[in-house]
Amino acid sequence: MTDETPDEIPDEISDDGGSTISWRELLRETEALVGEPRHARWICETATSSTPTEFLSMLESPATERAVAHLDAMVTRARQGEPVQYVLGSWGFRRLDLVVDQRVLIPRPETELLVELALTRARRVEPTRTLVDLGTGSGAIGLALADELPLDGTTVWITDASLDALDVARANLAGIGRSATNVRVAHGSWFDALPADLLADVIVSNPPYVAVGTPELDPSVADWEPTSALLAGTDGLDEIRTIVTGAPHHLVASGWLLVEHGHDQGDAVRALFGDANLSDVATHRDLAGHERVTLGRRPR
């Protein structure tokens, strides 16, 4: 390795067409190019289709020409600023390994709070329970709910206005095994996607909640993630208003609505819940201490 950082992974091919460079050397070169050791390791693991343990065992092995080509393509994308989750093509969320690309938002840790709160309420409903994930994107929320709730008696609807997003969600459906039989996929805007007579025990949503023109939006998000899943009017509340207003008409008596929102939107979202005559309204904070999920229930 020279003192200067190379522009791409070096090709060192033997006379018989195989690579002579080891994965230990490639990992070192990738770290220099990407600048983030964890990301470099993940990219190398993906290039080799290996688990972390498997990759450690092959550090001294020579790389194949195909793997080097795959690695080089991913490093190029990462150096252009593309989020590592898209570069890898998958990302973990709770117990799931989800396909993700630029058609959908990247699943984030704070959204796991929304899932946990929904699970707590859904598990109290017996013997059957119906849940709805509005604006499912990659399917992270709805599929995690289906994966972790009882196989018997559970129905989860996942909806999205984007056909591209639903294609990603369908690709992820196979990853939850037998629980996939409990999932219904529907296309449409918010409640328009659902059967008119459907009443749910729990409705969850992580809708767009970023205000148009906000200076807080990180360039790595603004430049790569779908704006239709991010932006929601001048105050960031347009889609939340639609969801909260419509929820009482699609919940059973005592059914719950749970919505993820921005860290500075708690007061406004609680007011919307109150205007919709939802009861037991409360807001929960994420691990960073920010108000993140507001919930309330339809009165009996």
Side-chain angles (χ1 to χ4, degrees), residues 94 111-137 139-161 169 176 179 181-209 232 237-261 265-285 291-300:
R94 296 186 69 85
T111 302
E112 296 197 22
L113 170 65
L114 176 63
V115 173
E116 195 62 45
L117 292 168
L119 285 170
T120 298
R121 283 146 187 83
R123 286 172 176 145
R124 297 170 184 163
V125 182
E126 295 288 352
T128 62
R129 62 208 64 81
T130 299
L131 297 89
V132 174
D133 172 20
L134 295 173
T136 195
I141 297 169
L143 299 184
L145 292 171
D147 178 57
E148 297 184 46
L149 286 169
L151 185 62
D152 294 333
T154 296
T155 301
V156 178
W157 287 80
I158 59 174
T159 80
D160 209 289
I176 66 171
S179 297
T181 60
N182 292 338
V183 178
R184 309 290 181 267
V185 182
H187 173 243
S189 178
W190 306 127
F191 296 106
D192 292 343
L194 300 173
D197 59 349
L198 178 70
L199 293 177
D201 299 289
V202 178
I203 296 173
V204 298
S205 186
N206 178 18
Y209 56 72
L237 295 171
D238 283 3
E239 308 304 338
I240 292 178
R241 286 190 186 92
T242 299
I243 292 168
V244 175
T245 301
H249 306 291
H250 297 274
L251 284 168
V252 301
S254 296
W256 287 94
L257 170 67
L258 301 91
V259 175
E260 181 174 328
H261 51 74
Q265 295 174 328
D267 288 341
V269 174
R270 285 190 292 274
L272 291 173
F273 272 57
D275 292 343
N277 295 318
L278 295 172
S279 63
D280 299 323
V281 176
T283 300
H284 293 254
R285 296 180 181 271
E291 293 192 327
R292 187 60 63 185
V293 176
T294 293
L295 51 82
R297 58 167 40 175
R298 177 186 168 185
R300 292 181 179 276

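These numbers come from a predicted model, not from an experiment. Side chains included, hydrogens not; waters and symmetry mates left out as well; all remaining heavy atoms used.
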Participant: At what distance, to the nearest 0.5 angstrom, does CD of Glu260 lie from CG of Leu114?
Facilitator: 6.0 Å
Participant: What residues, two or more places apart in sequence or in another chain, satisfy salt bridge (Lys or Arg N to Asp or Glu O under 4.0 Å) together with Asp267?
Facilitator: Arg270
Participant: With a 4.5 Å heavy-atom cut-off, do Leu257 and Ile243 have their side chains touching?
Facilitator: yes
Participant: Does some side-chain heavy atom of Thr294 sit less than 4.5 Å from a side-chain heavy atom of Gln265?
Facilitator: no
Participant: Say you draw a straight line from CG of Leu149 to OG of Ser179; how long is it, rounded to the nearest 0.5 Å?
Facilitator: 8.5 Å
Participant: Just so I know, are the side chains of Arg94 and Leu119 near enough to count as touching, which here means a heavy-atom distance under 4.5 Å?
Facilitator: yes
Participant: Tell me, do Leu131 and Val204 make a side-chain contact under 4.5 Å, heavy atoms counted?
Facilitator: no
Participant: Quick check against the 3.5 Å criterion: does Arg298 have a side-chain atom that pairs as donor or acceptor with the backbone of Leu251?
Facilitator: yes
Participant: Answer yes when Glu126 and Arg129 have at least one side-chain N-carboxylate O distance shorter than 4.0 Å, and no when they do not.
Facilitator: yes
Participant: Check whether any side-chain N or O of Asn182 sits under 3.5 Å from a backbone N or O of Leu151 as a donor-acceptor pair, and report yes or no.
Facilitator: yes
Participant: Compare all side-chain heavy atoms of Phe191 with those of Ile203 and state whether any distance is below 4.5 angstrom.
Facilitator: yes
Participant: Any non-hydrogen side-chain atom of Leu198 less than 4.5 Å from a side-chain atom of His250?
Facilitator: no
Participant: Side chains of Arg121 and Leu295, heavy atoms from C-beta outward: is any pair under 4.5 Å?
Facilitator: yes
Participant: Between atom OG1 of Thr154 and atom CG of Leu145, what is the distance when rounded to the nearest 0.5 Å?
Facilitator: 9.5 Å
Participant: Nearest 0.5 Å please: distance from the OG1 atom of Thr245 over to the CZ atom of Phe273.
Facilitator: 10.5 Å
Participant: When Thr130 is tested against each of Leu199, Val252, Asp201 for side chain to side chain contact (heavy atoms under 4.5 Å, CB included), which residue passes?
Facilitator: Asp201
Participant: Would you check if the side chain of His284 reaches a backbone N or O of Glu291 as a donor-acceptor pair within less than 3.5 Å?
Facilitator: no
Participant: Nearest 0.5 Å, what's the OG1-CG distance between Thr159 and Leu194?
Facilitator: 6.0 Å
